Undergrad: 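Take this structure, written in structure tokens, and hold onto it; I'll ask about it next.
For the numbers below, each heavy atom of this structure counts, side chains included, while hydrogens, waters and symmetry mates do not. Keep in mind that this is a model prediction, so the values were computed, not measured. Chain naming here is simple, since letters A, B, ... match the order of the sequence lines and numbering starts at 1 in each.
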Protein chains: 4
Amino acid sequence: MSPRVSKEHLKQRRADILEAARQVFIEHGYEHTTMKHVMEAADVSRGGLYQYFSNKEDLFEALLEEGLTEETEDSLEKVESYWSLLMQLLFGEDGSPDTEMDPLAPSKLEFFITGRNDERRRAYGEKRYEMGLRIYDDLIKRGQKSGEFSDRYDSELVARSIITFIDGLALDHAILPDEKVKLKEQSALFVDYLKMALDVSSS
Amino acid sequence: MSPRVSKEHLKQRRADILEAARQVFIEHGYEHTTMKHVMEAADVSRGGLYQYFSNKEDLFEALLEEGLTEETEDSLEKVESYWSLLMQLLFGEDGSPDTEMDPLAPSKLEFFITGRNDERRRAYGEKRYEMGLRIYDDLIKRGQKSGEFSDRYDSELVARSIITFIDGLALDHAILPDEKVKLKEQSALFVDYLKMALDVSSS
Amino acid sequence: MSPRVSKEHLKQRRADILEAARQVFIEHGYEHTTMKHVMEAADVSRGGLYQYFSNKEDLFEALLEEGLTEETEDSLEKVESYWSLLMQLLFGEDGSPDTEMDPLAPSKLEFFITGRNDERRRAYGEKRYEMGLRIYDDLIKRGQKSGEFSDRYDSELVARSIITFIDGLALDHAILPDEKVKLKEQSALFVDYLKMALDVSSS
Amino acid sequence: MSPRVSKEHLKQRRADILEAARQVFIEHGYEHTTMKHVMEAADVSRGGLYQYFSNKEDLFEALLEEGLTEETEDSLEKVESYWSLLMQLLFGEDGSPDTEMDPLAPSKLEFFITGRNDERRRAYGEKRYEMGLRIYDDLIKRGQKSGEFSDRYDSELVARSIITFIDGLALDHAILPDEKVKLKEQSALFVDYLKMALDVSSS
DNA sequence: CATGAATGAGAATTCATTCAT
DNA sequence: CATGAATGAATTCTCATTCAT
């Protein structure tokens, strides 16, 4: 009556498969990854894999969700500086524009671009966009309300621009060799721009 | 001695196939378009299609090349304003940010993203990036030399940022409904960004 | 844990497919046999067939290997007569020249002839030739050392001639109706010749 | 009313195509040669090619016929030595076993082997076999009648063996590298074989 | 006669997904 | 639950041959 394997074990197995899948998707991209690739990387049987994830899409979405939960951790109400919070959001903990890109990002782009005609996928992409948008929008709105940021520009528009810029960088980074994109320099330029748009003077 | 059809006809046929292919690629995207789709849309037989284009990649690249030749027409040496030239380059003839997106753009993104692990495709993408980069870089360099633009930022960096922004917009536009991306508003904001980077005061 | 079917079953399935394939290859020849032919003869699905053999070449080579293992059974060190051993090698158990030809032989010839420009296939053919050559060469060498055979001719040359003769017979047999080739009579003549070349007097 | 091009011209054109086709067949083999290969090598249009030869088979058979007419020229009645005549037949003018192989031979084998299930082709092959057989058989019969050759063996049987040997050599030569087949040595050995079978003592 | 565009049957191969054990 | 054999729809690409001009 009791399950043969512990719930813990199941969770672990699932996590292992996901981790293996991540590597495979990073290597081959979304479209060119086959379930067999995943099976082999995760050392699961075909049936086993389908036990945890009912198809390739489901599997990939699980990876997408994973990424999400990590990011939603910040719910700070009061911070000394919204600007530094924004920088952290953009470039990670240290807030300086030299962070690595998410290696799965190219596959994520693929997933949404190739699936843009699929209603379900489209809706999912939109939801994710909205979530990202909210985060930046909220932050900027608060900064504006607190007086730290100028409200010259609509907060949502700035938020959208941030995402557009990030997406553009991710795209170019996916396609071009590192030395072509100049991630760091472009990021620095974009930061200057944000400073201007939000009227932030400090470094 | 006389071929069955005139050279004109051949050219036309090829153009027709390309046009049909364009529609199909716009509708289904690069990955999900099959040669059969194209065959049917262009009303060509299998063999006929392969007579003109040896495979899907070749066919799509023909479409990519088409786009290229159209753009290279402008080689103005002396202009009254580099800024307005830049605006024209970005937003078309009238230079105002309300242009339509190239409907094939999403498929182009697909083409390069899904092919990022293919040496040939990668090289091709890089070449195209370089070509685009040169155009903007040249323009900005001239503007800087003429004193119209500030040289606070490296011209190439600004050029890269322009492409990044365009790519980001194209990407979001491919995935999200029109009303979400706010093309026009973001473009206007981006123009401000450029004004800041190039120290251009005029409207 | 337990697979759907026993290992035995799998082996059997593979053997069944091979057997069906053999019949199909015998009937249509190598080039004109399609995987569909095999599928239907073996009553396997397309995917099923490809599960066992990754392509036509692989499938055929499996048949070739099969034939090989059967022959390698003889490793007799001391025999009362190398001549009778040679006859057995040539004509099967009873050592008399009235054996049937391997019905797959024509397809084997096809396989190697049509593939003569393919590096892989060529190498494989050479390997097989060498293996056959070794067997006859060894036998003759021993016979010569033991004094049973004359060493007037180089053992390897005689061995090559044997293979040439066999190949010639196989070829003619593949192309001509049985009554034309006169397998038995030609074989008898060839035996006489070998007797002369090896100086063997007995019947 | 009079033909636009001279009959001579037509003949020449045909001969040119055949010569080009020969080279192509030598290079790719019968099965893997396409009409396009021939078109390009002969610099004929598709339609032009089909004007002269109604299909690939027809084209190849024309090449086969070509070879035939050249050889059938000798019909000497009285010769001083049937043995030397036989040697000439086997090894060309000088009658010594160091002749080159017909480079088209591998393709000829292919043609007949892959076509062995086609009634027409089979009949054609048989006819050719018979023709070859007759030549050798006649020669040997005469030699036997004249007393130069022993009639221990049936002349036809010996003739068949000659063809078998030639076919075997051609086959091995088609598949194996030159140094493996040892054409010359095997030929010399085969001459000994014939000497035995025909009881000819002289060199 | 010559041309070469067009045809379309057919071959190989891939892969997500199912399901009997 | 796990297994992995089996399925078969889909897709790409090839090539001999035809035929309108």
Undergrad: Would B:Lys56 pass as a cation-pi partner of B:Phe25, given that its NZ or CZ must be under 6.0 Å from the six-membered ring centre and within 45 degrees of the axis?
TA: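 B:Lys56 over B:Phe25 ring: no.
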Undergrad: Quickly work out the D:Asp58 CG to F:dT17 P distance and round it to whole Å.
TA: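 The distance from CG of D:Asp58 to P of F:dT17 comes to 10 Å, rounded to the nearest Å.
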Undergrad: Is there a donor-acceptor pair closer than 3.5 Å between any side-chain N or O of B:Arg14 and the backbone N or O of B:Lys11?
TA: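 No; judged by distance alone, with no hydrogens or angles, the pair does not exist.
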Undergrad: Roughly how many Å is it from OH in A:Tyr30 to P in E:dC15, rounded to a whole number?
TA: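 These atoms are roughly 14 Å apart.
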Undergrad: Roughly how many Å is it from CD1 in B:Ile17 to P in E:dA5, rounded to a whole number?
TA: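 Answer to the nearest Å: 11 Å.
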Undergrad: Whole Å only: how far is the NE2 atom of C:His28 from the C1' atom of E:dA11?
TA: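 The distance from NE2 of C:His28 to C1' of E:dA11 comes to 14 Å, rounded to the nearest Å.
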Undergrad: Show, in sequence, the C-alpha distance, side-chain angles and deciding distance for A:Arg22 and A:Glu19, and conclude whether the salt bridge (Lys or Arg N to Asp or Glu O under 4.0 Å) test is met.
TA: CA-CA 5 Å; A:Arg22 175 193 305 280; A:Glu19 189 44 36; 3.4 Å; yes
Undergrad: Does F:dC1 have OP1 or OP2 under 4.0 Å away from a side-chain N or O of A:Gln51?
TA: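 No, because none of the side-chain N or O atoms of A:Gln51 sits under 4.0 Å from OP1 or OP2 of F:dC1.
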Undergrad: Which part of the nucleic acid does C:Phe53 contact within heavy-atom distance under 4.0 Å: base, sugar-phosphate only, or nothing?
TA: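 Nothing, no heavy atom under 4.0 Å.
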Undergrad: Looking at D:Tyr124, D:Phe112, D:Phe111, which one forms a ring pair (Phe, Tyr, Trp, His ring centres under 6.0 Å) with D:Phe60?
TA: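 In the set D:Tyr124, D:Phe112, D:Phe111, the residue that makes a ring pair (Phe, Tyr, Trp, His ring centres under 6.0 Å) with D:Phe60 is D:Phe111.
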Undergrad: State, to 0.1 Å, how close D:Leu49 and D:Met35 come at their nearest heavy-atom pair, and which atoms those are.
TA: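 Minimum heavy-atom separation between D:Leu49 and D:Met35: CD2-O, 3.7 Å.
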Undergrad: So, C:Glu31 side chain and D:Thr114 main chain: donor-acceptor pair closer than 3.5 Å or not?
TA: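 A pair under 3.5 Å: no.
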Undergrad: Quickly work out the D:Leu49 CG to E:dC1 P distance and round it to whole Å.
TA: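 In whole Å, E:dC1 P and D:Leu49 CG are 16 Å from each other.
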Undergrad: For the pair made of CG in C:Asp43 and C1' in F:dA6, what is the distance, rounded to whole Å?
TA: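 The answer, rounded to whole Å, is 12 Å.
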Undergrad: Restricting both atoms to N or O, compile the protein contacts to nucleotides 12-15 of chain F shorter than 3.5 Å, with distance only.
TA:
| residue | atom | partner | partner atom | Å |
| --- | --- | --- | --- | --- |
| F:dT12 | OP2 | B:Met35 | N | 3.2 |
| F:dC13 | OP2 | B:Tyr50 | OH | 3.3 |
| F:dC13 | N4 | B:Arg46 | NE | 3.0 |
| F:dC13 | N4 | B:Arg46 | NH1 | 2.9 |

Undergrad: Where the side chain of C:His32 meets the backbone of C:Gly29, is there a donor-acceptor pair that is under 3.5 Å apart?
TA: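 Such a contact is absent between C:His32 side chain and C:Gly29 backbone.
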Undergrad: Would you kindly give the OH-to-C1' distance between A:Tyr52 and E:dT17, to the nearest whole Å?
TA: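 Atom-to-atom, A:Tyr52 to E:dT17, this comes out as 19 Å.
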Undergrad: Show, in sequence, the C-alpha distance, side-chain angles and deciding distance for C:Glu27 and C:Gln23, and conclude whether the side chain to side chain donor-acceptor pair (under 3.5 Å) test is met.
TA: CA-CA 6 Å; C:Glu27 188 182 341; C:Gln23 296 310 322; over 6 Å; no
Undergrad: In dot-bracket, 5' to 3', how would DNA chain F read with Watson-Crick or G-U wobble pairs under 3.5 Å, [ ] for crossing ones and | for pairs to another strand?
TA: .||||||||||||||||||||
Undergrad: Is B:Leu18 close to B:Phe53 at the side-chain level, that is, under 4.5 Å between some pair of heavy atoms?
TA: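 Side chain of B:Phe53 against side chain of B:Leu18, heavy atoms only: contact under 4.5 Å found.
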Undergrad: Can you measure A:Met39 atom CE to E:dA16 atom P for me and round it to whole angstrom units?
TA: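 After rounding, the gap between these two atoms is 10 Å.
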